[in-house]
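Take a look at the structure set out below.
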Amino acid sequence: MPEAAGADPLDTARAMWAGDPASQALGMELLDLGEGRAEVAMTVRADMVNGYALAHGGLVATLADSAFALACNSRGRTTVASGFDITFLEAGRLGDRLVARARETALRGRSGLYDVTVRRDSDGVPIAEMRGRSRALVTARGQE
C-alpha cells in the first residue's frame, strides 16, 4: 500500500501486531521496531517445551517469524511471508527468555529478504538463525 502523506510507515506493523492473537497468546513482547527491523522477546513456559524438556522448535520458529513479520511490514505496505528457512543452533530451555532480532537485508520492488537471529537473553548465545522471504501485497486498485 502506498503510505498516505504524513502517515507513519510503522503504523502497518503496529496494526498487524495489535491484531496478532497468536503472538499475544505465546506471551511475546515487542521490544523494538524501526524501518526494516524489529525485536521481539518470549519466555519459554512449561507448555512450550517438547518431550525432551527443550523449547519446542516450532515455537522458536514462531518467535522468529513474528519478528520477521514486523520487520517486513515496517515500511507501510501490507506484506506477507513467501517462505523461510530456519537452522537451530542450540536448545532453549524452560525459563529462558529468547529474543529475536530481524533485519532487512534486501528490498527490491515487492520482494524482500530478512535475517533473524534468536538469542538466549541471559548469555547472548544464538539459538536459531532464520532467513525469511517476503512479498508486499497489491491493493484492489493495483497499487503497491
Side-chain angles (χ1 to χ4, degrees), residues 1-4 7-140 143-144:
M1 281 190 253
E3 63 184 79
D8 184 343
L10 298 177
D11 285 345
T12 301
R14 289 184 188 117
M16 181 203 68
W17 184 252
D20 181 351
S23 296
Q24 293 168 15
L26 293 171
M28 291 184 198
E29 174 188 0
L30 176 59
L31 302 178
D32 184 47
L33 178 64
E35 290 191 30
R37 63 181 170 75
E39 184 174 81
V40 178
M42 177 181 79
T43 299
V44 180
R45 306 181 311 224
D47 62 344
M48 297 176 168
V49 297
N50 62 22
Y52 294 113
L54 303 174
H56 192 287
L59 297 177
V60 174
T62 301
L63 174 63
D65 185 42
S66 291
F68 162 52
L70 283 159
C72 69
N73 276 277
S74 68
R75 299 222 178 254
R77 301 185 330 178
T78 302
T79 305
V80 297
S82 62
F84 70 78
D85 299 298
I86 190 163
T87 301
F88 299 106
L89 305 169
E90 291 281 337
R93 290 183 166 66
L94 180 64
D96 283 348
R97 184 169 192 253
L98 304 179
V99 177
R101 289 185 181 102
R103 68 179 181 82
E104 184 178 273
T105 59
L107 187 60
R108 302 290 185 274
R110 292 175 38 218
S111 298
L113 190 62
Y114 296 79
D115 287 335
V116 184
T117 300
V118 179
R119 293 183 185 278
R120 190 170 38 236
D121 197 35
S122 63
D123 58 8
V125 169
I127 299 297
E129 293 285 345
M130 182 184 109
R131 172 151 283 186
R133 298 171 302 281
S134 71
R135 187 77 171 162
L137 300 180
V138 175
T139 65
Q143 300 171 330
E144 293 182 32

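- Of all the heavy atoms in Leu63 and Ala41, the pair that sits closest is CD1-C, 4.1 Å.
- Between Tyr114 and Ser134, the shortest heavy-atom distance links the atoms CE1-OG, 3.4 Å.
- Remark: side-chain polar atoms of Thr105 are paired, donor with acceptor, to backbone N or O of Leu113 under 3.5 angstrom.
- Shown here for Asn50 and Ala55, the closest heavy-atom pair between the two residues is ND2-O, 4.3 Å.
- Rounding to the nearest 0.5 Å gives a distance of 8.5 Å between CG of Leu98 and CG of Asp121.
- Residues in residues 53-74 take part in these side chain to side chain donor-acceptor pair (under 3.5 Å) pairs, two or more places apart or across chains: Ser23-Ser66.
- Applying the salt bridge (charged side-chain N to carboxylate O under 4.0 Å, His left out) definition to pairs two or more places apart or across chains, those involving residues 45-63 are Arg45-Asp47.
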List the steps, then state whether side chain to side chain contact (heavy atoms under 4.5 Å, CB included) holds for Val40 with Trp17. CA-CA 11 Å; Val40 178; Trp17 184 252; 3.9 Å; yes
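- Here CZ of Arg103 is found 13.5 Å from CZ of Phe68. Values are rounded to the nearest 0.5 Å.
- For the salt bridge (charged side-chain N to carboxylate O under 4.0 Å, His left out) condition, no pair includes a residue of residues 17-28, sequence neighbours left out.
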Side chain to side chain contact (heavy atoms under 4.5 Å, CB included) between Ile127 and Arg119, intermediate numbers included: CA-CA 5 Å; Ile127 299 297; Arg119 293 183 185 278; 5.7 Å; no
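- Annotation: side chain to side chain donor-acceptor pair (under 3.5 Å) contacts involving residues 30-42, sequence neighbours excluded, comprise Asp32-Arg37, Glu35-Arg75, Glu39-Arg101.
- With Arg110 contributing its side chain and Ala136 its backbone, the two residues share a donor-acceptor pair below 3.5 Å.
- Arg77 places no side-chain N or O within donor-acceptor distance of the main-chain N or O of Cys72, the cut-off being under 3.5 Å.
- Between Leu94 and Ala46 the shortest heavy-atom distance is CD1-N, 3.2 Å.
- Of all heavy-atom pairs between Gly132 and Phe84, the closest is CA-CB, 3.8 Å.
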Under the side chain to side chain contact (heavy atoms under 4.5 Å, CB included) criterion, do Glu129 and Leu89 qualify, and how do the steps go? CA-CA 8 Å; Glu129 293 285 345; Leu89 305 169; 3.7 Å; yes
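- Side chain of Asp8 to main chain of Leu10: a donor-acceptor pair is present (N/O by atom type, distance under 3.5 Å, no hydrogens or angles).
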Can you list the steps and then say if Met48 with Thr43 is a side chain to side chain contact (heavy atoms under 4.5 Å, CB included)? CA-CA 9 Å; Met48 297 176 168; Thr43 299; over 6 Å; no
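- Sorted by first and then second residue, the salt bridge (charged side-chain N to carboxylate O under 4.0 Å, His left out) pairs with a member in residues 50-61 form an empty list; sequence neighbours excluded.
- Salt-bridge check for Asp123 with Arg120: passed, with a basic side-chain N closer than 4.0 Å to an acidic carboxylate O.
- For the atom pair CD1 (Ile86) and CZ (Arg131), the distance works out to 13.5 Å, reported to the nearest 0.5 Å.
- Gln24 pairs by the side chain to side chain contact (heavy atoms under 4.5 Å, CB included) definition with nothing, not counting sequence neighbours.
- Shown here for Val116 and Ala67, the closest heavy-atom pair between the two residues is CG1-CB, 4.4 Å.
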